[in-house]
Amino acid sequence: MTVTNPESVRRVACVGAGVIGGGWVAHFLARGYDVTAWDPAPDAEQRLRRLVEAAWPALTQLGLAEGASQERLTVAATLEEAVADAQFVQESAPEKLELKRELLAKLDAAAPAGVVIASSTSGYPMTDMQTEAATPGRLVVGHPFNPPYLIPLVEVVGGERTDADAVAWASRFYEIAGKSVITMKSEVPGFIANRLQEALWREALHMVANGEATVQEIDDSITEGPGLRWAFMGPMLTFALAGGEGGMAHMLDHFGPSLKSPWTRLEAPELDKKLYDAVVAGCDQEANGRTIADLVAERDQGVIDVLRATGRLPRQTTADTEGTA
Ligand SMILES: NC(=O)C1=CN([C@@H]2O[C@H](COP(=O)(O)OP(=O)(O)OC[C@H]3O[C@@H](n4cnc5c(N)ncnc54)[C@H](O)[C@@H]3O)[C@@H](O)[C@H]2O)C=CC1
Ligand SMILES: C[N+](C)(C)CC(=O)CC(=O)[O-]
């Protein structure tokens with residue numbers, strides 16, 4: 001059903017250019033694509049260009065593709081213009097089901113026939129979003145992680161009316177575009193990683209709501225603890241090592257019964273004003289005067305350092321360091 005080989009794609013359209021759409025734009029530009037973006041907000045173009053500019057030092061460290069340039073970004077005046085000659089479309093509009101339904105239908109009507117359209121949704125199944133589209137077969141979920149220009153993972157999954165070819169095409173395209181892809185066989189709300197993250201997030205909010213842990217303690221418990229292992233070894237294999245030479249089997253014999261212990265409260269807590277204020281104030285306190293821009297730069301450098309330290313990027317040589325000084 002698709003017109004272009006994933007290998008031959010040169011022109012990508014990004015629709016919705018906030019945190020994630022802007023991150024996708026930066027990623028595709030750095031990989032040498034021509035990118036056309038569209039976003040209805042009056043200040044969208046300035047925000048987008050600022051985001052790309054801020055991401056560029058990190059992307060330069062990672063290594064730009066030949067010919068990659070911020071000048072290959074065009075901001076279109078209309079949605080139709082943005083996708084008119086696109087070979088792939090990434091939608092990153094707000095997480096509102098009705099909006100996604102209408103927008104995906106409009107993109108489907110405007111994009112050239114056969115071009116795959118992916119949604120960045122954090123959790124809506126494509127089956128629920130493709131209801132209004134005339135040709136739903138080309139609509140897939142391509143769920144990224146923030147920032148899409150640094151975190152490799154994309155979760156790809158289709159809906160009930162998506163063609164299997166479109167899912168395969170999108171997975172291959174993302175791989176060529178430098179992403180690490182998990183192609184899911186079935187639709188799970190929240191996909192894999194957000195389902196896991198949401199469980200952690202819910203427990204964290206319960207602890208803040210009940211005064212059992214501060215925002216700072218929750219963050220330290222991960223960055224000084226399991227987070228160090230999770231950058232290179234997932235929770236399953238990490239726990240297999242908790243079983244010593246007996247591996248996961250011993251771990252399950254030993255700790256399996258504790259699954260039934262009353263440690264978790266997986267019902268979501270009420271996000272009332274008190275909890276809301278406590279989480280926001282805790283984050284401000286933890287930031288300790290660092291602006292969002294400071295934290296973005298810190299996070300980007302941190303992710304690059306972790307990718308390097310875990311062998312997923314070449315280690316930096318003295319010459320590299322001197323070059324960037
Ligand atoms: N923020 C995050 O960490 C992540 C978000 N996502 C998903 O990415 C998508 C976008 O989220 P964010 O970038 O965080 O939101 P955002 O609020 O930063 O950006 C959304 C952008 O969409 C624009 N917009 C509003 N109405 C639109 C329309 N009808 N058509 C096109 N654009 C429109 C807004 O002007 C805004 O610039 C959502 O589906 C979200 O679930 C996925 C992974 C991570
Ligand atoms: C907060 N979030 C649910 C939108 C996060 C994601 O979807 C993925 C991420 O970047 O962690």
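The shown structure was predicted, so the numbers you read here are calculated from the model rather than taken from an experiment.
Interatomic distance, Met129 CE to Glu102 CD, rounded to the nearest 0.5 Å: 14.0 Å.
In this structure, Arg299 places its CZ atom where more than 12 heavy-atom neighbours from other residues, nucleotides or ligands lie under 6.0 Å away. Remark: Gln285 CD is loosely packed, at most 12 non-hydrogen atoms of other residues, nucleotides or ligands lying under 6.0 Å away. Residue-environment remark: CD (Glu71) stays at or below the threshold of 12 foreign heavy atoms within 6.0 Å. Crowding of Gln216 atom CD: a count of heavy atoms from other residues, nucleotides or ligands under 6.0 Å exceeding 12.
Contacts classified as side-chain hydrogen bond (donor to acceptor under 3.5 Å, both in side chains) and involving residues 173-192 (residues at least two apart or in different chains) are given here: Gln90-Tyr174, Thr127-Glu187, Ser171-Thr183, Arg172-Glu175.
At a threshold of 4.0 Å, the pair Arg49-Glu45 counts as salt-bridged, since one of the basic side-chain nitrogens sits closer than that to a carboxylate oxygen. One finds no salt bridge joining Asp163 and Arg138 here, because no Lys/Arg side-chain nitrogen approaches an Asp/Glu carboxylate oxygen to under 4.0 Å.
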**Request:** Report the C-alpha separation of Phe145 and Gln197 in whole Å, then their side-chain angles, then the decisive distance to 0.1 Å, and conclude whether the side-chain contact (heavy atoms from CB on, under 4.5 Å) test is met.
**Result:** CA-CA 12 Å; Phe145 289 77; Gln197 291 203 109; 4.1 Å; yes
**Message:** Could you walk me through whether Arg72 and Asp34 satisfy the salt bridge (Lys or Arg N to Asp or Glu O under 4.0 Å) test, starting with their C-alpha distance in whole Å, then the side-chain angles of each, then the deciding distance to 0.1 Å, before giving a yes or no?
**Reply:** CA-CA 5 Å; Arg72 291 173 69 180; Asp34 290 313; 2.8 Å; yes
**Request:** Could you please spell out the steps behind the side-chain contact (heavy atoms from CB on, under 4.5 Å) verdict for Ser120 and Glu91?
**Result:** CA-CA 6 Å; Ser120 296; Glu91 171 274 309; 5.8 Å; no
**Request:** Check step by step if side-chain contact (heavy atoms from CB on, under 4.5 Å) holds for Val35 and Thr74.
**Result:** CA-CA 6 Å; Val35 180; Thr74 306; over 6 Å; no
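In terms of hydrophobic clustering, with Ile, Leu, Val, Met, Phe, Trp and Tyr side chains grouped at heavy-atom distances under 4.5 Å, Ile176 and Ile182 are assigned to a common cluster.
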Ignoring hydrogens and angles, write down the donor-acceptor pairs under 3.5 Å from the side chains of residues 201-211, residues two or more places apart or on other chains.
{"from": "Glu203", "atom 1": "OE1", "to": "Arg265", "atom 2": "N", "distance (Å)": "3.1"}
{"from": "Glu203", "atom 1": "OE2", "to": "Arg265", "atom 2": "N", "distance (Å)": "3.0"}
{"from": "Glu203", "atom 1": "OE2", "to": "Leu266", "atom 2": "N", "distance (Å)": "3.4"}
{"from": "His206", "atom 1": "NE2", "to": "Arg265", "atom 2": "O", "distance (Å)": "2.7"}
{"from": "His206", "atom 1": "NE2", "to": "Glu267", "atom 2": "O", "distance (Å)": "2.5"}
{"from": "Asn210", "atom 1": "ND2", "to": "His206", "atom 2": "O", "distance (Å)": "3.1"}

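Considering only heavy atoms from C-beta on, Trp169 comes within 4.5 Å of Phe88 through its side chain. The side-chain heavy atoms of Glu270 and Leu275, taken from C-beta on, include no pair separated by under 4.5 Å.
For Arg101, the salt bridge (Lys or Arg N to Asp or Glu O under 4.0 Å) partners two or more places apart in sequence, or in a different chain, are Glu98.
Asp39 places a side-chain N or O within donor-acceptor distance of the main-chain N or O of Ala17, the cut-off being under 3.5 Å. Counting only distance, with no hydrogens or angles, the side chain of Gln87 and the backbone of Arg11 share a donor-acceptor pair below 3.5 Å.
Closest approach of Leu252 and Pro257 over heavy atoms only: O-CD, 3.8 Å.
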